[in-house]
Trainee: 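I have a structure here, written as structure tokens, and I will follow up with some questions on it.
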Amino acid sequence: QVQLVESGGGLVQAGGSLRLSCAAASGQPFSSYAMGWFRQVPGKEREFVAGISLSGGIADYTDSVKGRFTISRDNARNTMYLQMSSLRPEDTAVYYCAAVFRPPTVGYLYRIFRQVHEYDYWGQGTQVTVSS
């Protein structure tokens, strides 16, 4: 089991930047969890934003954030990050970090998980508001 705590959300003007952090506490090595960032606005389904593989060597993004957001992880610090730049009002949402435990085998080392149902653990969310 892993506990996830997001931080770094807030209010920013369009064009600005924010860095979200997701701190993990678990009895298993952080490197055993594939990680992802999702976001949700009221009345809509939670959507995939970015995902990162067990080692951090592979990352993927939803099209709307490519070139603006960067996902990374520091396995030594048990922390994942989402650097968000060139923010737009449509990026306004509650952002959630998520984790799924997978053994570091060939089949999972480089895999990105993009679906909500693929993740077992979620943080409480952090609000990001981008004003125009």
Trainee: Are Tyr119 and Leu82 connected in the hydrophobic side-chain network, where two residues link if heavy atoms are under 4.5 Å apart?
Mentor: no
Trainee: Look only at the side chain of Ser32 and the backbone of Phe30, and say whether a donor-acceptor pair between them is shorter than 3.5 Å.
Mentor: no
Trainee: Spell out, yes or no, whether Met35 and Phe113 are grouped together once hydrophobic residues are joined by side-chain heavy atoms under 4.5 Å, including indirect joins.
Mentor: no
Trainee: Using only atom types and a distance under 3.5 Å, with no angle test, would you say the side chain of Gln40 pairs donor to acceptor with the backbone of Lys44?
Mentor: yes
Trainee: Looking at every heavy atom in both Leu54 and Asn75, which two are closest together, and how far apart are they?
Mentor: O-ND2, 3.3 Å
Trainee: Return yes if some donor-acceptor pair links the side-chain N/O of Tyr61 with the main-chain N/O of Ile71 below 3.5 Å, else return no.
Mentor: yes
Trainee: Say you draw a straight line from CH2 of Trp37 to SG of Cys22; how long is it, rounded to the nearest 0.5 Å?
Mentor: 5.0 Å
Trainee: Going by an N to O cut-off under 4.0 Å, is there a salt bridge joining Arg114 and Glu47?
Mentor: no
Trainee: Honestly curious: do Tyr33 and Met80 fall in one hydrophobic cluster under the side-chain, below-4.5 Å linking rule?
Mentor: yes
Trainee: Given 3.5 Å as the limit, does a donor-acceptor pair link the side chain of Glu6 with the main chain of Gln124, or not?
Mentor: yes
Trainee: Taking all atoms of both residues into account, what is the closest heavy-atom pair of Leu18 and Val128, and its distance?
Mentor: CD1-CG1, 3.9 Å
Trainee: Is there a donor-acceptor pair under 3.5 Å between the side chain of Ser132 and the backbone N or O of Pro89?
Mentor: no
Trainee: Look at the side chain of Ser53 and the backbone N and O of Tyr110, then say whether any donor-acceptor pair between them is shorter than 3.5 Å.
Mentor: no
Trainee: Can you name the nearest heavy-atom pair linking Val41 to Ala93, along with the distance?
Mentor: CG1-CB, 3.6 Å
Trainee: Is the shortest side-chain heavy-atom distance between Gln127 and Val94 below 4.5 Å?
Mentor: yes
Trainee: Rounded to the nearest 0.5 Å, what separation is found between the OH atom of Tyr121 and the CD atom of Gln1?
Mentor: 5.5 Å
Trainee: Dump the intermediate steps for ring-ring contact (aromatic ring centres under 6.0 Å, His included) on Trp122 and Phe38, then the final yes or no.
Mentor: CA-CA 10 Å; Trp122 295 85; Phe38 289 74; 5.0 Å; yes
Trainee: Thinking salt bridges, do Asp63 and Lys66 make one under a 4.0 Å N-O criterion?
Mentor: yes
Trainee: Can a donor-acceptor pair be found between the side chains of Glu90 and Thr92 at a distance below 3.5 Å?
Mentor: no
Trainee: Does the side chain of Leu4 reach to within under 4.5 Å of the side chain of Cys97, using non-hydrogen atoms?
Mentor: yes
Trainee: Do any N or O atoms from the side chain of Arg68 and from the backbone of Ser64 form a donor-acceptor pair under 3.5 angstrom?
Mentor: yes
Trainee: Is the NZ or CZ atom of Arg102 both under 6.0 Å from the centre of the six-membered ring of Tyr108 and within 45° of that ring's axis?
Mentor: yes
Trainee: Taking the six-membered ring of Tyr81, is the NZ or CZ of Arg73 close enough (under 6.0 Å from the centre) and on axis enough (within 45°)?
Mentor: no
